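Every value quoted in this text rests on a predicted model; they were computed, and no experiment measured them. Side chains included, hydrogens not; waters and symmetry mates left out as well; all remaining heavy atoms used.
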Amino acid sequence: LSDYPNENGWHIRDNGMIWGYSGSYVDLVIPETVLGIEVKGIESKEFSEQTYIKSITMPDCLTVIEDKAFYKCDSLTSVIAPGVTDIGESAFYACRELDNVFLPKLQTVGKTAFRDSGSLEGFPFENLVKIPRMAFYRSDVFKVNLEKATTIQDSAFANCTSLAEVSMPRIDTESNM
């Protein structure tokens, strides 16, 4: 894929993936299009360790956040991403201040996606079918609804010391063996 010149600081590939940004790193608002190309996602490690990012707002057309996209963004407090369905491994790892999230269409998260993160208030746990290994390890979540979960891998919520309430589907223990 060829790399395009930037528009208002945003760099995009032919496939709609944001691969660079040279603007302000405080309150990010990702546009729907860059250079006429619809934005579909954020590439791996794109904003890793950008300690000045406080909030990010994404357009409905952006559906994918790849691995480590916001890894160790220490100041990130808010994510508004109404179209995101998939979040990669360690995408928000160590975002310790991340307390407010709006991800109504989220379906999958990668391993350690929110490890060592904040309280994640508003997180749509109820949409997740599979909770991968250490996905929320040592995060500050305090309430989770796992009604659709069919798989919860080891240590998914280990060391979540603030976790006070868990809703899970009723499990039928009757066996036909």
- Query: Do side-chain atoms of S117 reach the backbone of L98 as a donor and acceptor pair under 3.5 angstrom?
  - Reply: no
- Task: Verify the distance criterion only: is there a donor paired with an acceptor across the side chains of T63 and T85 at less than 3.5 Å?
- Result: no
- Y71 with M134, same ILVMFWY side-chain cluster at under 4.5 Å: no
- Item | Shortest non-hydrogen separation from P124 to L106 and the atoms involved | CG-CB, 4.0 Å
- Task: Give me the ring orientation class for F136 and F114: parallel if the planes are under 30° apart, tilted from 30 to 60°, perpendicular past 60°.
- Result: parallel
- Message: Checking side-chain polar atoms at under 3.5 Å, does D74 have a donor or acceptor matched by the opposite partner on T51?
- Response: no
- Item | E43 with K45: basic N within carboxylate O range, under 4.0 Å | no
- Item | Parallel, tilted or perpendicular, as decided by the 30° and 60° cut-offs, for the rings of W19 and H11 | tilted
- Same hydrophobic cluster for L146 and F123, using side-chain heavy-atom links shorter than 4.5 Å among ILVMFWY? yes
- Query: Between the main-chain N or O of K54 and the side-chain N or O of S75, is there a donor-acceptor pair closer than 3.5 Å?
  - Reply: no
- Are V34 and L62 connected in a single hydrophobic cluster, I mean Ile/Leu/Val/Met/Phe/Trp/Tyr linked by side-chain heavy atoms less than 4.5 Å apart? yes
- Query: Cluster question for you: counting only ILVMFWY and a side-chain heavy-atom cut-off of under 4.5 Å, with indirect links fine, are I56 and Y21 together?
  - Reply: yes
- Message: Using the side chain to side chain contact (heavy atoms under 4.5 Å, CB included) criterion, which residues pair with D67? Sequence neighbours excluded.
- Response: S44, E89
- Task: Give a yes or no on whether F92 and V101 share a hydrophobic cluster (residues Ile, Leu, Val, Met, Phe, Trp, Tyr; joining criterion: side-chain heavy atoms under 4.5 Å apart).
- Result: yes
